[in-house]
There are 2 protein chains.
Amino acid sequence: MTADPPPDTADPAPRRNLTLRDVSEAAGVSEMTVSRVLRGRGDVSDATRLRVLAAARTLGYVPNRIAGALASQRVNLIAVVIPSLANMVFPEVLAGLSEGLEGSGLQPVFGVSDYDPGREEAVLYEMLSWRPSGLVVAGLEHTAAARTMLAAAGVPVVEIMDVDGEAIDSVVGVSHRRAGREMAGTILAAGYRRIGFLGSNMPGDHRARKRLEGFVEGLAAGGATLTDAEFYTGGSSLKTGRELTATLLARQPDLDFLYYANDVIGAGGLLWCLERGLDVPRRLGLAGFNGLDLLEGLPMRLATTDAARREIGRAAATLLRERRSGVRLEMPNRVLPGQTIRQAPRPQAPGPSSFGKLSGR
Amino acid sequence: MTADPPPDTADPAPRRNLTLRDVSEAAGVSEMTVSRVLRGRGDVSDATRLRVLAAARTLGYVPNRIAGALASQRVNLIAVVIPSLANMVFPEVLAGLSEGLEGSGLQPVFGVSDYDPGREEAVLYEMLSWRPSGLVVAGLEHTAAARTMLAAAGVPVVEIMDVDGEAIDSVVGVSHRRAGREMAGTILAAGYRRIGFLGSNMPGDHRARKRLEGFVEGLAAGGATLTDAEFYTGGSSLKTGRELTATLLARQPDLDFLYYANDVIGAGGLLWCLERGLDVPRRLGLAGFNGLDLLEGLPMRLATTDAARREIGRAAATLLRERRSGVRLEMPNRVLPGQTIRQAPRPQAPGPSSFGKLSGR
DNA sequence: GTGAAAGCGCTAACAT
DNA sequence: ATGTTAGCGCTTTCAC
């Protein structure tokens with residue numbers, strides 16, 4: 001009581017991490033009270049609270065959540081597994097998710113699968129071992145083991161981006177098949193007939209595949225077929241878009257429309273076409289997919305389909321906050337006609353509402 | 001007392017998570033043996049190992065790392081805090097980091113600060129509460145509390161991207177001040193004299209600020225000054241680059257060089273200039289910063305400085321794997337002259353090595 | 001090669 | 001409003 005100077009003078013260095021007990025001793029209250037103060041739970045007198053907070057701050061105490069999580073059987077983490085960060089689409093979804101989780105006490109933690117199902121499985125296993133409160137995973141295609149793990153996780157699982165397939169639990173996304181079909185309809189309505197597709201043939205990119213399938217269906221429904229297609233492997237870049245375009249047009253000079261698997265290669269293709277003085281959109285129409293911001297800065301506005309990325313992230317966040325399961329949420333994916341699809345030759349309702357929405361982005 | 005009927009018959013579902021004990025019972029060995037098998041430690045007979053693995057797989061057991069980490073006082077996580085995912089620079093650093101960590105057993109976990117020091121502090125606190133084995137944080141500027149936390153973390157801390165300032169522990173990056181100076185030198189050597197700067201004035205973007213400072217120093221060293229500058233707030237986009245350029249050139253039509261704070265707005269500016277038929281690089285020179293892939297797809301190759309993003313990530317990974325502390329690693333940042341800086345008017349050594357390196361990207 | 005005991009740092013549940 | 005007790009599920013350490 002009298003002279004109790006902590007004799008720990010000149011502690012050399014290998015500083016053990018501080019524990020609740022240290023704060024408890026410094027503040028002169030039980031560990032339990034410290035715990036309560038630090039979590040803002042239960043009734044604690046103002047005097048005690050202030051004493052505890054002061055002690056904690058002075059010592060530089062950082063709670064050990066590992067112990068806390070083990071004791072409480074609760075973890076404030078949401079595990080998120082996406083295929084890639086290089087593709088701007090995913091950071092935007094993550095932004096929506098983070099926004100949506102704000103204030104919930106839940107923290108997103110990200111893992112990257114590189115479009116590899118095996119890696120995805122490994123990353124999921126790793127994340128599940130931390131017993132998160134929820135899972136977000138891109139797409140509906142996973143290894144059997146991954147599906148089993150997810151189904152058995154005992155917490156809400158949200159599959160995002162795509163709704164074409166069977167969900168494990170909840171799913172929030174757009175229909176890529178429908179997006180492809182609708183773009184085909186738009187293109188045919190504008191009078192284009194010799195149509196080419198440019199995209200990746202990465203085996204793991206199921207959404208691009210479904211878009212192409214839907215596109216071909218849509219063409220068929222309008223009595224048309226895909227004239228030709230050109231594929232690449234690896235990441236998407238403006239440069240890739242240019243090269244693909246050059247290759248495809250060299251082979252098929254009389255194509256009158258190019259449908260790109262995404263906006264980035266579409267933008268590259270657009271730049272290439274404009275440089276060569278091709279008459280876009282009259283002689284040659286173009287369209288991409290995603291509705292990226294990038295398109296706003298190009299010389300001409302590329303037609304695209306908005307994939308509602310941010311909204312998907314937010315919706316997933318809402319499901320997780322509310323601990324909902326088994327929800328299916330298909331977001332509308334709107335065709336943004338931009339300036340690279342000519343007006344329909346016949347005077348049919350040109351869809352002024354679409355243009356209205358365009359300005360909204 | 002007698003009739004106290006919580007007859008927990010027919011447990012409906014709230015499936016308790018599996019534990020080592022479950023596997024232990026299924027395999028007929030002690031929990032300890034199961035633990036050894038699952039971690040691949042110690043000597044276990046093949047027969048036992050196989051039995052344990054089979055049991056674990058059949059049950060779908062996923063180890064609880066929370067308990068494991070608490071017991072072993074070791075966590076295989078590397079906490080990484082970056083300002084933004086929207087800025088392509090950071091995903092590339094993360095990619096380098098992930099690559100570098102591969103096979104080490106260490107797992108990066110990402111947090112985003114949105115260029116807000118307060119948020120950075122909060123995210124760091126959150127991550128430190130999981131007791132990671134290492135920290136990676138962008139930049140050298142942090143709140144006092146954050147610096148204290150990092151210094152007290154007791155694990156290696158690597159500050160990345162920037163080396164201009166005082167490090168807490170290790171630092172890996174480029175000198176943005178030097179990058180600015182060198183670009184100024186390059187521009188002056190090419191004979192440009194009426195020079196404008198375009199960039200963000202976001203208070204949290206210290207690297208952009210240092211680049212500008214170095215740039216002004218470099219101009220001064222060459223007897224020149226900055227003629228004018230134009231700033232924006234918010235994210236970088238092609239569109240922003242266009243608008244900034246239009247504004248600045250409207251105010252200062254006789255500028256002969258525009259130095260952009262980054263490649264994205266630089267690319268927007270370049271497109272704008274080319275559309276208006278400005279004579280780039282003779283009448284007007286342009287340069288950005290970062291060395292993004294994006295530049296490869298533009299009609300003309302924008303001059304820039306390579307910021308060695310991926311290499312920074314890999315180097316940070318190496319330091320963390322080796323548990324090194326107190327290392328300072330300044331990566332060389334190379335000016336890539338591209339096609340938007342004209343050749344020097346006087347025949348002075350045009351730096352063929354630079355061009356050689358250019359092809360290397 | 002395998003097992004038993006102790007405890008990591010915290011919180012739930014129940015005192016008081 | 002504050003304290004006490006008993007674990008959370010695993011790994012460390014030491015026995016056998």
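Labels below follow one simple rule: chain letters A, B, ... track the order of the sequence lines, proteins then strands, and each chain is numbered from 1.
Across the protein-nucleic acid pair, Asn17(A) atom CG and dG7(C) atom P stand 20 Å apart, rounded to whole Å. The CG atom of Asp22(B) sits 13 Å away from the C1' atom of dC10(D) (whole-angstrom rounding). What separates CG of Leu18(A) from P of dG9(C) is a distance of 11 Å, to the nearest Å. Atom CD1 of Ile66(B) is separated from atom P of dG9(D) by 10 Å (rounded to the nearest Å). As rounded to whole Å, 14 Å separates atom C1' of dG3(D) from atom CZ of Arg21(A). One can place CG of Leu70(A) at 9 Å from C1' of dG7(D), the figure rounded to the nearest angstrom. dC10(D) atom P lies 17 Å from atom CG of Asn64(A), rounded to whole Å.
Of all heavy-atom pairs spanning Ser24(B) and Val34(B), the tightest one is CA-CG2, 3.6 Å.
Within the 4.0 Å cut-off from OP1 or OP2 of dC10(C), not a single side-chain nitrogen or oxygen of Gln73(A) is found. In terms of phosphate contacts, Thr33(B) brings a side-chain nitrogen or oxygen within less than 4.0 Å of OP1 or OP2 of dG3(C). The shortest distance between the side-chain N/O atoms of Tyr61(B) and the OP1/OP2 oxygens of dG9(D) is not below 4.0 Å. Side-chain nitrogen and oxygen atoms of Ser45(A) include at least one within less than 4.0 Å of the OP1 or OP2 phosphate oxygen of dT2(D).
Contacts with DNA chain C (heavy atom under 4.0 Å) in residues 48-58 of chain A: none are found. Within residues 123-135 of chain A, no residue is approached by DNA chain D to less than 4.0 Å at the level of any non-hydrogen atom.
Applying the side chain to side chain donor-acceptor pair (under 3.5 Å) rule to pairs touching residues 67-79 of chain A yields Asn76(A)-Glu126(B), sequence neighbours excluded. Annotation: salt bridge (Lys or Arg N to Asp or Glu O under 4.0 Å) contacts involving residues 129-145 of chain A, sequence neighbours excluded, comprise Glu141(A)-Lys210(A). For residues 45-57 of chain B, every residue pair satisfying the salt bridge (Lys or Arg N to Asp or Glu O under 4.0 Å) rule, not counting sequence neighbours, is listed here: Asp46(B)-Arg49(B).
Of the residues near DNA chain C, Val62(A) and Gly28(B), the one whose nearest nucleotide (by heavy atom distance) lies more toward the 5' end is Gly28(B).
Among residues two or more places apart in sequence or in another chain, the side-chain hydrogen bond (donor to acceptor under 3.5 Å, both in side chains) test is passed with Thr48(B) by Ser45(B). Legend: residues meeting side-chain hydrogen bond (donor to acceptor under 3.5 Å, both in side chains) with His142(B), ordered by chain and number and at least two apart, are Glu120(B), Glu159(B). For Arg324(A), the side-chain hydrogen bond (donor to acceptor under 3.5 Å, both in side chains) partners at least two apart in sequence or on another chain are Glu322(A). Scored by the side-chain hydrogen bond (donor to acceptor under 3.5 Å, both in side chains) test, Asp169(A) finds Ser325(A) as partners (sequence neighbours excluded).
Counted within 6.0 Å of CZ on Arg39(A), heavy atoms from surrounding residues, nucleotides or ligands total more than 12; the atom is thus considered enclosed.
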Can you give me the N/O atom pairs linking the protein to nucleotides 11-14 of chain D at distances under 3.5 Å, or say none if there are none?
| unit_1 | atom_1 | unit_2 | atom_2 | d |
| --- | --- | --- | --- | --- |
| dT11(D) | OP1 | Arg39(B) | NE | 3.4 |
| dT11(D) | OP2 | Ser35(B) | OG | 2.4 |
| dT12(D) | OP1 | Arg74(B) | NH2 | 2.6 |
| dT12(D) | OP2 | Arg39(B) | NH1 | 3.2 |

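Between Asp116(A) and Ser113(A), the side chains place no donor N or O within less than 3.5 Å of an acceptor N or O (distance only, hydrogens not considered).
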Open item on the list: Show, in sequence, the C-alpha distance, side-chain angles and deciding distance for Val136(B) and Leu97(B), and conclude whether the side-chain contact (heavy atoms from CB on, under 4.5 Å) test is met.
Closed with: CA-CA 10 Å; Val136(B) 176; Leu97(B) 192 82; 4.3 Å; yes

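Comparing the axis of the opening five pairs of the helix from dG1(C)-dC16(D) to dT16(C)-dA1(D) with that of the closing five pairs yields an angle of 30°, rounded to 10°.
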Report all side-chain donor-acceptor pairs from residues 146-156 of chain B shorter than 3.5 Å, counting only partners two or more places apart or in another chain.
| unit_1 | atom_1 | unit_2 | atom_2 | d |
| --- | --- | --- | --- | --- |
| Thr148(B) | OG1 | Ala144(B) | O | 2.9 |

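With respect to Glu99(A) and Arg321(A), no salt bridge is recorded, no charged nitrogen being found less than 4.0 Å from a carboxylate O.
No side-chain donor-acceptor contact under 3.5 Å links Asp205(A) to the backbone of Met202(A).
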